[in-house]
Novice: 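What follows is a single structure, and I will ask about it in a moment.
For reference, positions follow the sequence shown, starting with 1. Everything quoted here is computed from the prediction, not taken from an experiment.
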Amino acid sequence: MIDSIFMRRADALCVDAVAVSLRFRGLFAATRDVRERRLSVCATPFVLHAIAAVVLVGASGAASNAYAQSGAASAPNAQSAPNAQSAQNAPNALPLSGAAYRVAQEAYAAYARGDYAGAVARTREAIRQRPDLVSLRVLLANSLAAQRRYGEASRSLGDAIAQLGADPALTSRRKQIDALSVSTRAVAHGSRQQAGDPNALSGAALNAAQHAYKAYAAKDFAATVRYANDALALRPDLLRLHLLLIDASSAAGDDANAWAADLDAMKRFGDNDELRLRRGFIGSRLAPKSAAASYEARRQHDDARAALLARDAVSYAPDRVGYRMQLIDALFAANDLPAVEAAASAAIADFPADGASLMPLTLRGYALAAQGRASDADTDFARALKANHASERDQRVARTIIADVWIAAAEPQRALDLLAPLPTKSDDTDAAIALRRARARASLSHPVASSLDPLRRPIIECLLDEYGSSCYVYAADPGFAAARAAQKASAANDKAGALRDARDAVQAAPDDPQHRVQLINALAATGDKGDAREANDQARYMVNAGMLDALPDMTAAYVAQRAGNGRVAYERFTMADKAGALPPGATADAGYAAMHAHRNREAARYFERAVDASAAPSPDTESVATPTPTLTSTSTPAQLNDIRSAHADVTRNWGFNASLNYRGAGMQPGYASSPTPGTSNNWQGGVEAYWRPFGSLGERMFEVYARGYESFGVKNGGASGVDTLQATVGARAKPFTQIDAIVAFERIIPIGSRVNPDWLARLAYSGGFGTERRVDVPAWWTTRIYAETGAYLNAGSVYATTNVQMGRTFRMDSYSPKWTVFPYLVVGADYDSSVDHSIPLGAGVGISTRYWFRDSQYDAPRSYVDLSVQYRLKISGDDRARGVFFGAVFAY
């Protein structure tokens, strides 16, 4: 910041945007350098989560009827299995953490690999640490049941019910395990024949069955299967032999044969509870394999095979909504709309509850509309819109899909009415809803009916693990695959790949602002200056093309900031604030936007809210070396200090300063100084008051000022004392945001007898780094560069001065964190056409010390006292280049 002769402000601290929430971390610059920060927002999915977790598919053999329509914030990695963290299903349960989390993870891993004894031991330890989690109690019961310890499994659930209450997951699991226990005991005792039993075995069949039961009791399940098949070949009419074969095949790990045996028994005897119980257990183990094979077929673009395998998964586990959604997705990919309709119809029939049927109804309606059956589609949509028990997120994405259909049908007003009740939720649905509203408004004037674009069908992203399928439903997005690839590349720190994929996403859906936001993020992340300029260009394009209307207000605000449009950014932040969508961590960015829009009062209020949200003690009352709470998990004490500095700036409308210099021209840029032609090696002192008629102008500045000034102790018999007293009135401005240059024009009014009236035009520049007081480190390197030139219009003389100071600044925390000391090397030069035409050039050493004060809860220190002394050796020119130089400044 410019530390100039024109006294822009005494507290000219660097203003950097504080990081806002994790969702918008590093999104766009909210400071003078709007090109420095990068977008880091990624769209999160609209979720229909139907994961078949281990706690729901345990060894009890019964598949749960429950599935989750989750509000997950983002899709999990496709390779991640359900784990201890995801399995916490108690509504008020605290998250697993620490040792309990690690032990629970080990328990789930042991169960997954079939180490049921290890799973029991680890689950017991996890329960000891966290006895309040239902999911761990169910895992223990499943692990015991997998070892056929049904009695212990039932008792463990009974204990859980007594301690935690009659949770449905506990009571239903206990009922299922008890039923399986009864059934398997009956099968195991099937060798006992009652007198007069019409189904009694005899001969070879009896011999084979007896060997089968003996092998089963000895847990020799392979032999059991062999003997059971021999017995069934002779007596296929006995259900108990079929059940024995099913149980033995399942226990031997041969799920395919167990499934086939169950289906064969069902054909012979019809379905019953015993067969359904076993089929549910076996199918829950077969379904994930078929689902994984279907997923792989989709990756290889073999849509027909993918659909066939997805149908297998549905047949194995018909009560898993995730497999239904995977099947619908495969059929959509094959563009088999009648089959989509049929699969969705089956899901609707099997899951009549409105919470479960919402997405099948919506997707069937879409398929009907794509086949030109608008009336039938509207019937499904009407039912879907009444599914009030579905999650709010799923209801919002369903409306988004329906809006796509109605916009394509040239009914934009209907789409707008459909979306009207949906407020901003600051979640992943906001952007899609905003885009549909923008498209609908754009087509109001010229509605044109069109067929549904196959590339704009709803997207179902299914992620698989060994336990089941999790399918995430998104509104139509032709750039989805590329955007997802960009997101994954960014997570892997593959910046080139993320940029390439982000460009592909924009090319696929050029009207989707979310993809342009992602492209801006990828461009800014490379660290290349050319890419940074392109990111700014993309942001400006979005503003000029009206694309902000299709973004949530918060995102639009950051895009506008990136584009350097402070007014639009401020308006969008304000809209988000009024809608309750401005998180506390974003109030600082809103303040910077207001500051750049020259709305100083509003900026001050936002900065005050940001400071309040930080919960930090009032800085500078304690050592700044002590860490303080920050606005967000990514903010720093320095960022908080910048916010307080910005608040001090937007609330400053006037100030004054006084200076005393000895041969100090240019050493302490200008505080109340007026260079007097023809004088040198003298003392100079003065006082200045300034006023900002327009208040703070952000990175620009305009001030008017009045100054009183005189020289004394002038050598060689020059004018001195009261004879040199002069008054000055003038105006100065900083016209550029990125260049620290100030121009001024002032009138010199003589008071002393040796002062001539004149007009003075001045130009100054300052730069460097490390020039402001820092709170994040105790010492830092500093370089100050200052140059000034001026012309007296009446006298016809010209002057110039420049110096460069390089050293290290130390904060004197042992005394006060407000005190800094700056020892440095200095090179300086001067020129005065009224003295001679030489350019005195000198170099030497110097030291400056500064004490800051007038800080408050919301303001960084607004005033300071500064003392500087230098000694220079002459390099060239006359004796003005060497000797002692001194300066003192009081800035208020």
Novice: Hey, could you give me the CG/CG distance between Leu331 and Leu363, rounded to the nearest 0.5 Å?
Specialist: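 So the gap between those two atoms works out to 11.5 Å.
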
Novice: Can Gln300 and Arg305 be said to form a side-chain hydrogen bond (donor to acceptor under 3.5 Å, both in side chains), step by step?
Specialist: CA-CA 10 Å; Gln300 298 175 3; Arg305 177 170 170 77; over 6 Å; no

Novice: Hey, are Asp329 and Arg298 close enough for a salt bridge, meaning a charged N less than 4.0 Å from a carboxylate O?
Specialist: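 Yes, Asp329 and Arg298 are salt-bridged.
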
Novice: Roughly how far apart are Asn257 CG and Ser249 OG, rounded to 0.5 Å?
Specialist: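 That separation rounds to 5.5 Å.
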
Novice: Kindly determine whether Asp394 and Ser391 satisfy side-chain hydrogen bond (donor to acceptor under 3.5 Å, both in side chains), including the steps that lead there.
Specialist: CA-CA 5 Å; Asp394 291 331; Ser391 72; 2.9 Å; yes

Novice: What I want to find out is whether Arg130 reaches Asp132 closely enough, with some N-O distance under 4.0 Å, to be called a salt bridge.
Specialist: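 Salt bridge: yes.
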
Novice: Quick one, Gln487 with Arg484, criterion side-chain hydrogen bond (donor to acceptor under 3.5 Å, both in side chains). Give me CA distance, side-chain angles, the key distance, then yes/no.
Specialist: CA-CA 5 Å; Gln487 183 180 338; Arg484 172 66 79 224; 2.7 Å; yes

Novice: Measuring from atom CD1 of Ile460 to atom CE of Met359, what distance do you get when rounded to the nearest 0.5 angstrom?
Specialist: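 Here the rounded value is 9.0 Å.
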
Novice: Begin from the C-alpha positions of Arg173 and Asn142 and carry the test side-chain hydrogen bond (donor to acceptor under 3.5 Å, both in side chains) through to its verdict.
Specialist: CA-CA 9 Å; Arg173 178 60 74 217; Asn142 288 342; 3.2 Å; yes

Novice: So does Arg364 pair up with Glu341, basic N to acidic O under 4.0 Å?
Specialist: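 Here Arg364 does not pair with Glu341 in a salt bridge, since their nearest N and O are not under 4.0 Å apart.
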
Novice: Could Arg279 and Asp271 be called an ion pair, given the rule that one side-chain N must be under 4.0 Å from one carboxylate O?
Specialist: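 Yes, charged N to carboxylate O under 4.0 Å.
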
Novice: Is it true that Asp273 and Arg276 have a side-chain N and a carboxylate O under 4.0 angstrom from each other?
Specialist: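 Here Asp273 pairs with Arg276 in a salt bridge, since their nearest N and O are under 4.0 Å apart.
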
Novice: Look at Glu125 together with Arg128 and state whether they make a salt bridge at an N to O cut-off of under 4.0 Å.
Specialist: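 Here Glu125 pairs with Arg128 in a salt bridge, since their nearest N and O are under 4.0 Å apart.
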
Novice: Has Arg373 got more than 12 heavy atoms of other residues, nucleotides or ligands less than 6.0 Å from its CZ?
Specialist: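 Counting other residues, nucleotides and ligands, CZ of Arg373 exceeds 12 neighbours.
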
Novice: Could you tell me whether Arg226 and Asp230 make a salt bridge, using a distance below 4.0 angstrom between a side-chain N and a carboxylate O?
Specialist: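 The answer is no: the pair does not qualify as a salt bridge.
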
